[in-house]
Amino acid sequence: MLRFVARMPVATLLAVLLHVIIIAALLLSFSWDRKKDGASMTAGINQPIVEAVSIEQSALEQHMERLRSQEEARKRELQQADERARQAHAARLEEEARLKAAQLEKERARQEAEKERQRLEALRQEQAQAEQRRQQAEEEAARKMAEAQAIVERARQREEEARRVAEEERAKAEQERRKAEEERRKAEAERRQAEEERRRAEEEAREKAEAERRQAEEERRKAEEEQRRAEEARRQAELQAQRRREAEARAAAEAELQRQLEAERASQLARARNEYIAAIRSRVTRNWARPAGVQQGWECEVTVTQMPGGQVLRVDVGRCQGDNLFRESVIRAVERSSPLPDPPRPEVFEREIQFTFRVE
């Protein structure tokens, strides 16, 4: 409200005067109605005056309402202009190139504040004067009514002039804001370009350093890998050689052990077979009946075919010394020895057994 009064002091004063005049007219009309000197004269005189005052008051109120609406619209426009000017001022403060302009703006704002203070002081004085004029207006209400219309018209003209000035100021402020915005965008573009060039240079340097580091790392890794592979190959070769030597030694030991086992087994089998043949020969010798004329040292090579249980199936006599009688006695001795003795080990058993029968 104070800003409105400060910006439109004349309009405000006129509005106050109009309200004072209207109130005075109403008071005069009310005092006239109370006079009862002549009913017909009073009715004839007061009614047109009251009606005129009422009509004029309605017109004035409608006009003042329009003035208030226009003032509110102008107030909003001024507020918007102030906001845009503030944003432009804030943008100019962000740029070093606009520092001097910002300082000038600050000084201008101070001057405007001083002017506003002066206007408020003038308004206060005008309000005091208005109070004095209000007291005078109560006595000169009729005369002021006519003058009020002229004052309203002049106020409208002044309001129109003030609106035009405000529009020009708004357009100027908008132009300055656009100029400041353009300068800010230009500075921002230059800053971004410089930042992009710096970032690109840093990125290239970083990529180059990273590439060199990766190359060196790759070369080091390859050297380490080659060294590791060579070491692994050497270790594997040594391990394989050791395993081969161990395998050869183990194979040799196993072969030697196998050979010893086989030799031992062969020896055991040979002993068992000799024992087996000796047992057969002994039994045959016990069952042999010596014929007459048999000489010491006679011998025959005997082949016996037997079954697993030792039953003799056939007896063949090969090379033999002595006569047929001696040969026949050996065959009968083998047949009487059936079944032959069991072998000491199952693997010693042979279907055909050969031994030499000797006369001791």
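Hydrogens, waters and symmetry mates play no part in the numbers below; they use all other heavy atoms, side chains included.
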For E350, all residues meeting salt bridge (charged side-chain N to carboxylate O under 4.0 Å, His left out), sequence neighbours excluded: R273
Using a 4.5 Å side-chain heavy-atom cut-off and chaining through intermediate ILVMFWY residues, the residues clustered with L93 come out as none
Within 6.0 angstrom of R336 CZ, more than 12 heavy atoms from elsewhere: yes
Go through the structure and list residues passing side chain to side chain contact (heavy atoms under 4.5 Å, CB included) with E174, not counting sequence neighbours. R84, R177, R178
Residues forming a salt bridge (charged side-chain N to carboxylate O under 4.0 Å, His left out) with R170, sequence neighbours excluded: E167
Is atom CD of Q175 surrounded by more than 12 heavy atoms (other residues, nucleotides or ligands) closer than 6.0 Å? no
Applying ring-ring contact (aromatic ring centres under 6.0 Å, His included) as the test, list every pair that has at least one member in residues 168-205; sequence neighbours left out. none
Any donor-acceptor pair under 3.5 Å linking the side-chain atoms of Q268 with those of E264? yes
Of all residues at least two apart in sequence or in a different chain, which pass the side chain to side chain contact (heavy atoms under 4.5 Å, CB included) check with E256? R259, Q260
Excluding sequence neighbours, so at least two apart, what forms side chain to side chain contact (heavy atoms under 4.5 Å, CB included) with D316? T303, R314
Using side-chain heavy atoms (C-beta onward) and a distance below 4.5 Å, is E183 in contact with E95? no
Look only at the side chain of S282 and the backbone of A278, and say whether a donor-acceptor pair between them is shorter than 3.5 Å. no
Salt bridge check: are E77 and R74 linked by an N-O gap of less than 4.0 Å? no
Electrostatic pair R199-E196, nearest N-O below 4.0 angstrom: yes
May I ask you to decide whether E224 forms a salt bridge with R221, counting only side-chain N to carboxylate O separations under 4.0 Å? no
Below 4.0 angstrom, N of the basic side chain to O of the carboxylate: do R332 and E335 qualify? no
Taking the side chain as C-beta and beyond, is there a heavy-atom pair between Q118 and E121 under 4.5 Å? no
Report yes if some heavy atom in the side chain of L313 is under 4.5 Å from a heavy atom in the side chain of R351; otherwise report no. yes
Of all residues at least two apart in sequence or in a different chain, which pass the side-chain hydrogen bond (donor to acceptor under 3.5 Å, both in side chains) check with E65? R68
Nearest heavy-atom contact between S338 and G310 is OG-O, 4.0 Å
With R265 via side-chain hydrogen bond (donor to acceptor under 3.5 Å, both in side chains) - residues at least two apart: none
Please list, chain by chain and in numerical order, all residues satisfying side chain to side chain contact (heavy atoms under 4.5 Å, CB included) with R213, sequence neighbours excluded. E210
Members sharing V315's hydrophobic cluster (side chains within less than 4.5 Å): L269, Y276, I277, I280, V284, W288, V294, W298, V302, V304, V312, V317, F326, V330, I331, V334, L340, V348, F349, I353, F355, F357, V359
May I ask you to list the residues sharing a hydrophobic cluster with L261, side-chain cutoff 4.5 Å, ordered by chain and number? L257
Between G297 and R358, the two heavy atoms sitting closest are O-NH1, 4.3 Å
